[in-house]
Amino acid sequence: LLDFKSFFKFLGRNKAYTFIDVFGLSVSLMFVLLIALYTTQELSTDKQHAKAERIYLVGNENWMQTGAAIPYMIKERYPEVERACPVLTQEDMDQVVSYADRKLRANTAFVDSSFFHLFDFRLTRGDRNRALEAMNGAVVSESFARKMFGTDDPLGKPLLLGDTLSVVVNGVMEDITRSSFPDIEVMVRWENIQIFNPSLAPDQLGNAGSTLCFILTREGSDFPARADDMRTWMGDFYWIYQIGHADKVLIQPFTESYFSTQVGIFSPLRHGDWKFVMVLMSVGILILVFAVTNYINLTVAQAGFRAREMALRRLLGSSRPELFTRLMLESTLLTLISLGVGLLLANAAVPYANDLLQTR
């Protein structure tokens, strides 16, 4: 059964059939693999956080950011709030970071010390519960650690952000993937932002579009029901409501934020297009169906050319189940070869797919 000499001889004699079958299936599988990888990645965004169902973003109908002081004020007012975590980050929010005589530009995030209590980004070095405990503590990404420190142990190494903020590396985090957060290379305590911009101090409300307000609620609570009460309360002191820049308080479940249109185009968080993902998934399924149908048609069309060989094998004692198994193994081999070629083509096409889909 495992002697494929006659099968390879058949393929060699029918080069056009072999090329169309293998090349057509390989190209189809390339597109199917890339589409499957992209859609799976999109649909699994932010699903790695165990507490995601209890995390909410607070903003308004125009943008899902708020003033720097709001997160802590919400925690103080509403008993169902377990933790408040302000975050300030942007896709291109880079700082010059220095170590000894090395200087690199790094995408920097300013976060509350409770960040790793909300989000399950894995630390490969350091204690996630204490990495941001100290005011001068910092967490760096694995890729940044390699660029800055090479093979040296990053823990305990001092860094200088800009010309003024000195921090110490207390943790190394896996590079962020499958997340609405942008790439973060250096993460420091939220309170340090006032060194670079005094209007973003934790007790300020001036910059109303700066801060992501993440709220972790207690189990069993209905935090979105607080939206109307929160609007009435904020109307007494928050200037965006007093002068009519905003009219509503929106409480967005974090699990819905990636595909939500309410996050807004100015949000520092990445956001996806649900309709586009569904359309692309449908296209991938259609390509796979057409590829399978095309392969079946080509194989059936060539079956008559091998009838003499199968009849001869039958005369030599091969049973019908043996012939069936042989043909199935030959088809499996051909499709595995096509899959291997498809994987190579998909790997080569990844940079172009990244540019086209604006993803990694």
Compare all side-chain heavy atoms of Met30 with those of Val341 and state whether any distance is below 4.5 angstrom.
no

Under 3.5 Å side-chain donor-acceptor pair for Gln252 and Ser260
yes

Is there a side chain to side chain contact (heavy atoms under 4.5 Å, CB included) between Trp190 and Tyr72 once you walk through the steps?
CA-CA 12 Å; Trp190 159 256; Tyr72 299 118; 3.3 Å; yes

Please round to the nearest 0.5 Å and tell me the distance separating atom NZ of Lys248 and atom CD of Glu61.
6.5 Å

Test salt bridge (charged side-chain N to carboxylate O under 4.0 Å, His left out) applied to Asp120 and Lys47, step by step
CA-CA 10 Å; Asp120 293 331; Lys47 297 298 190 294; over 6 Å; no

If the plane angle is over 60° it's perpendicular, under 30° parallel, otherwise tilted; pick one for Phe181 and Phe214.
tilted

Between Leu212 and Leu269, is there a side-chain heavy-atom distance shorter than 4.5 Å?
yes

Does any N or O in the side chain of Arg189 come within less than 3.5 Å of the main-chain N or O of Gly137, such that one atom is a donor and the other an acceptor?
no

Out of Val140, Val188, Val186, which residue meets the side chain to side chain contact (heavy atoms under 4.5 Å, CB included) rule with Val167?
Val188

Has Ser257 got a side-chain atom pairing as donor or acceptor with Phe254's backbone, closer than 3.5 angstrom?
yes

Ion pair Glu80/Arg226, N-O distance below 4.0 Å:
yes

Walk me through it: do Phe31 and Leu288 pass the test side chain to side chain contact (heavy atoms under 4.5 Å, CB included)?
CA-CA 9 Å; Phe31 284 108; Leu288 183 59; over 6 Å; no

Arg128 side-chain N/O to Phe121 backbone N/O, donor-acceptor pair under 3.5 Å
yes

Do the ring centers of Tyr258 and His271 come within less than 6.0 Å of each other?
no

Look at atom CG of Asp236 and say whether more than 12 heavy atoms of other residues, nucleotides or ligands are closer to it than 6.0 Å.
yes

Strictly by modelled atom types, are Tyr238 and Thr66 linked by a side-chain donor-acceptor pair under 3.5 Å?
yes

With side chain to side chain contact (heavy atoms under 4.5 Å, CB included) as the criterion, how do Met230 and Ile251 come out once you've worked through the C-alpha distance, each side chain's angles and the decisive distance to 0.1 Å?
CA-CA 10 Å; Met230 202 176 292; Ile251 300 177; 4.1 Å; yes

Heavy-atom count around Phe237 CZ within 6.0 Å, excluding the residue itself: above 12?
yes

Just one of Lys51, Arg54, Arg218 clears the side chain to side chain donor-acceptor pair (under 3.5 Å) bar with Glu82, so which one?
Arg54

With no hydrogens and no angle check, just 3.5 Å: does a side-chain donor-acceptor pair link Gln41 and Thr359?
yes

Closer than 3.5 angstrom, by distance alone: can the side chain of Asp273 be matched with the main-chain N or O of Phe276 as a donor-acceptor pair?
yes

CE/Met328: more than 12 non-hydrogen atoms of other groups inside 6.0 Å
no

Ignoring hydrogens and geometry, is there a side-chain-to-backbone donor-acceptor pair from Trp239 to Leu205 under 3.5 Å?
yes

No-hydrogen, no-angle side-chain donor-acceptor test under 3.5 Å, Asp229 and Tyr78:
yes

Side chain of Asp46, backbone of Ser180: donor and acceptor closer than 3.5 Å?
yes

Answer yes or no: is there a side-chain heavy-atom contact under 4.5 Å between Leu160 and Val97?
no

Salt bridge flag under 4.0 Å for residues Arg122 and Glu174
yes

